[in-house]
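Report on the structure given below.
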Amino acid sequence: MGPTTRSRFVYNRRGRGGGGQCTVDEASDDDEQRAISSSSSDEEADNEEEEPEASGEEVDDGDDEESEGEDGAAEPANKESAPPPAAGERKGGRKGPITISLKKVCKVCKRTGHEAGFKGAVYIDCPMKPCFLCKMPGHTTLTCPHRVAMEHGVIPAPRRNTNTSLDYVFQSQVKGKISMVKPQFLVPNQLECGNIKFHQRRVTCLEFHPTKNSVLLSGDKKGLLGVWDYVKLHEKITYDSVHSCILNSMKIDAANDEILYTASSDGTISCTDLDTGIGSPLLNLNPNGWNGPSTWRMIYGMDLNTDKGLLLVADNFGFLYLLDRRSKTRIGHPVLIHKKGSKVTSLHCNPAQPDVLLSSGNDHYARIWDTRKLEPNSSLASLAHGRVVNSGYFSPQSGNKILTTCQDNRIRVWDYIFGNLQSPSREIVHSHDFNRHLTPFKAEWDPKDYTETVAVIGRYISENYNGVALHPIDFIDTNSGKLLAEVMDPDITTISPVNKLHPRDDVLVTGSSRSIFIWKPKTEADLTEERAKQKAKEYVYGSCSRKKSNGKHDNSSDDDSDGSPDGKNKKAKKTRYTHTVKGKGKSKV
DNA sequence: ACGCTATGGCCCC
DNA sequence: TGGGGCCCCTAGCG
């Protein structure tokens, strides 16, 4: 029981706002936090308590759902989805054959005759728009060929143990070798420590300390930098004066691990001594202050060439700057590496050959450079993308592969950088398009996976998970495009664009809105409890199902956002979105 | 319960 | 080539 309880730190499921989420500051002792956390049975209790409040409508609810069918204007309690006339009917004169379908107005395109938007936890695409997932016209997400079912969820299949001779052979000969070949891949899918929420704005970057196992660095949109220990949560330092706006990137050299480099949209690079807390500016691209957006320089991409002691930095006008780490001086002139005036979104030095640099940009390209011979138009390769490239990374071990995330909802993989780079080896359709309000999604390699296969990335499009719209974090096999795991928790209803895997441990850290979450793999005990919980739930549904449907508030996270569309946790079938691979040379999707 | 707003990217003129 | 407007499966605040 312990572990799962642990995952529910958010205990203000009743009163919004007043309930007081458990922030790290307030309750420093994590054991106490565990004690307060609510178990699943509490949840049920809450639900039932809430029901009487809305009981009058609840009854209607049930009836309507039945009379109108699944797709129609069901979920009338959902204020938005119910068109005004229908709502009126319902309020006053109960059910009846409410088939006033005439005035269906689409919330997306504002035209009549159809409806789009959330129906409970399911989002209905507007048929006038291209597919939200693959961006091609002619169909919607529901019928998108890239929407395929995932075979296995995050919960592993039950262990086979038949004690036959075959099993014996398998255990003694085959299995031993398999684990030699590839260590078991453990998905950190269990919330380990609750809602860590000291950032006041959305989290924009996260980084594990390269040598101290439980030390984590986090940055937000305001420029706040947090250095903290996720085992001893009270050990936390925040720096609010290092940067004045979006903290875009952080780097620590493992060989010199007390110095932290940070890059920000305020146009500066700063280095902070983590021992003394003293910071000093390394670069300021806006020495003359604010003169309007057309001149203000922002820094997004940054990386370290540890061999040469170089810091590589790129701005939103397409220029790359080289800095000598020690003398803190610029080397040479800025070099235009992407279309003039376009943002360079990320930089990555090849782990095997640090002189080789990968840059990604708003000009729809990722480019490979030799930093020893930098000139405009001297890139070793230009990798074309459909839209803005959010990030590009060499594979963490050999540096032979490239993984990019592009706003055309595709993750691209190049298997061999010395081969033909004309087109990617694979394109994996995956929902990570974003609007300006979110931190860009970036698919990142699992640094522990020396087969250089697994990547992690948050998902934009929501999925109906037991009646709640959630945005999972996806683990993707970049060789096959298969979804290995989707990580989510009913308490996290916000989108999780920032994800980082621990360099050594099976730990995932997620930045979702203002909150940070730590995930670890599920233990046997977790699984057992989960099954029990599920069983209990089934029982409740079975015995008093009709009344169960509302509970709009019961799942709201601390964020208390209305990012969760109303009425989303109606009971509804689980639908899954996933992704598919497009092999080289296959017809255009 | 609203309504506002971030300084995103794209399209169009 | 540059500015204005438009589009949103956002989130949090007043």
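Every chain is numbered from 1, with letters handed out A, B, ... down the list of sequences.
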Rounded interatomic separation in angstrom, taking CZ from A/Arg436 and C1' from B/dG8: 6 Å
Given C/dA11, B/dT7, C/dC9, the nucleotide with the shortest approach to the side chain of A/Tyr123: C/dC9
Of A/Arg201 and A/Ser294, the one whose closest DNA chain C nucleotide lies more 5': A/Ser294
Side-chain H-bond candidate by donor/acceptor type, A/Thr405 with A/His432, under 3.5 Å: no
Between A/His430 and A/Asp474: side-chain donor-acceptor atoms closer than 3.5 Å: yes
A/Ser513 side chain, from C-beta outward: closest of C/dG12, C/dC9, C/dT10: C/dG12
Separation of C/dA11 P from A/Asp220 CG (nearest whole Å): 16 Å
Stacked cation flag A/Lys343 on A/Tyr300, 6.0 angstrom / 45 deg: yes
Phosphate-side-chain proximity, A/Arg514 and C/dC13, N/O vs OP1/OP2 below 4.0 Å: yes
Among B/dC10, C/dC9, C/dT10, the one nearest A/Leu438 by side-chain distance: C/dT10
Comparing A/His364 and A/Gly292 on DNA chain B - which has the more 5′ nearest nucleotide: A/Gly292
Sugar-phosphate only, base, or nothing, as touched by A/Tyr460 at under 4.0 Å among non-hydrogen atoms: sugar-phosphate
Touch class at under 4.0 angstrom, heavy-atom based, for A/Arg202 against every strand present: nothing
Parallel, tilted or perpendicular: rings of A/Trp296 and A/Trp290 (30°, 60°): tilted
Separation of C/dA11 P from A/Gln200 CD (nearest whole Å): 18 Å
Whole-Å distance separating the NE2 atom of A/His432 from the P atom of C/dT10: 17 Å
For atom CZ of A/Phe441 and atom P of B/dG9, their distance in whole Å: 14 Å
Pairwise C1' distance for C/dC9 and B/dC11, with rounding to whole Å: 22 Å
Close aromatic pair by centroid cut-off 6.0 Å: A/Tyr460 and A/Phe434: no
Atom-pair distance (CG on A/Asp363; P on B/dC10), nearest Å: 11 Å
Runs of at least three consecutive pairs that involve DNA chain C, where pairs are Watson-Crick or G-U with distances under 3.5 Å: B:2-6 with C:10-14, B:8-13 with C:2-7
Touch class at under 4.0 angstrom, heavy-atom based, for A/Lys343 against every strand present: sugar-phosphate
Row check, A/Phe132 ring normal vs A/Lys135 NZ/CZ: under 6.0 Å, within 45°: yes
Side-chain H-bond candidate by donor/acceptor type, A/Ser515 with A/Asn195, under 3.5 Å: yes
Separation of atom CG in A/Asn316 from atom P in B/dG8, rounded to whole Å: 9 Å
A/His385 and A/Trp414 aromatic centres sub-6.0 Å: yes
Any N/O donor-acceptor pair, A/His437 side-chain to C/dA11 base, under 3.5 Å: no
d(NZ, A/Lys221; P, C/dA11) in whole Å: 13 Å
Short side-chain N/O contact to B/dG8 OP1/OP2 from A/Asn362, under 4.0 Å: no
